[in-house]
Amino acid sequence: MHRRKYVFTAAGLLTLTAGCMGDSDQEETLEELPESATVEVDDGAYSPLHSHIGTDGTVTWENTGDTSHRIDAFQFHAGSTGWTFSTELEPGESATHTFEAEGLYDFTDQAHGQFAMCGRIRVGHVEEGSSLPCE
């Protein structure tokens, strides 16, 4: 009878230990998000279309095209985060924004039409959500 108690206790301990190790892996994943990302603004599209950074991460938009571009915050879907950002970039210029809260942050180039040129920044551990209209 003591043997059964020992086997049961050992099995419970292994399960508890395995559960703790799983949390440790998840914490490591949380820490692995990049602190920054760069989005190239070309004359026809953003590259990459989707970027993923950690909370308090920074995104830099660099105009690598031959024409000016206006980058504006936009909310394509109800699941996107409302935010305020607007900047005009001449060729060779760049602009930076720091994202302090988790969420999905959509942006567009109004000069090219909001559905023609758009992108998304995913901050933190949130699901990607719906696709963008420019995909």
Nearest heavy atoms of C134 and L49, plus distance in Å: SG-CD1, 3.8 Å
Salt bridge (charged side-chain N to carboxylate O under 4.0 Å, His left out) contacts in which one or both residues fall within residues 46-69, not counting sequence neighbours: none
Separation between CD1 of I121 and OG of S80, rounded to the nearest 0.5 Å: 12.0 Å
Salt bridge (charged side-chain N to carboxylate O under 4.0 Å, His left out) partners of residues 79-88, not counting sequence neighbours, each pair once: R70-E88
Where at least one partner belongs to residues 115-131, residue pairs that pass salt bridge (charged side-chain N to carboxylate O under 4.0 Å, His left out), sequence neighbours excluded: D106-R120, R120-E128, R122-E128
C118 SG to F74 CZ distance, which is reported to the nearest 0.5 Å: 9.5 Å
Heavy-atom closest contact (I53 atom, A37 atom, distance): CG2-CB, 3.7 Å
Where at least one partner belongs to residues 33-44, residue pairs that pass side-chain hydrogen bond (donor to acceptor under 3.5 Å, both in side chains), sequence neighbours excluded: D43-T67, D43-H69
Verdict with reasoning, D72 to S86, per side chain to side chain donor-acceptor pair (under 3.5 Å): CA-CA 4 Å; D72 291 303; S86 183; 2.5 Å; yes
Greater than 12 external heavy atoms within 6.0 Å of E135's CD: yes
Test item: T81 side-chain N/O and L104 main-chain N/O as donor-acceptor pair under 3.5 Å: yes
Identify each donor-acceptor pair in which a side-chain atom of residues 92-99 lies under 3.5 Å from a protein atom, sequence neighbours left out, and give them as a table.
residue : atom : partner : partner atom : Å
E93     : OE1  : E90     : N            : 2.8
T96     : OG1  : T60     : OG1          : 3.2
T98     : OG1  : T58     : OG1          : 3.3

Validation row: S130, F76 side chains within 4.5 angstrom (heavy atoms): no
Whether D109 side chain and M117 backbone form a donor-acceptor pair below 3.5 Å: no
Pairs flagged by ring pair (Phe, Tyr, Trp, His ring centres under 6.0 Å) wherever residues 32-66 is involved - sequence neighbours left out: Y46-F107, W61-F85, W61-F107
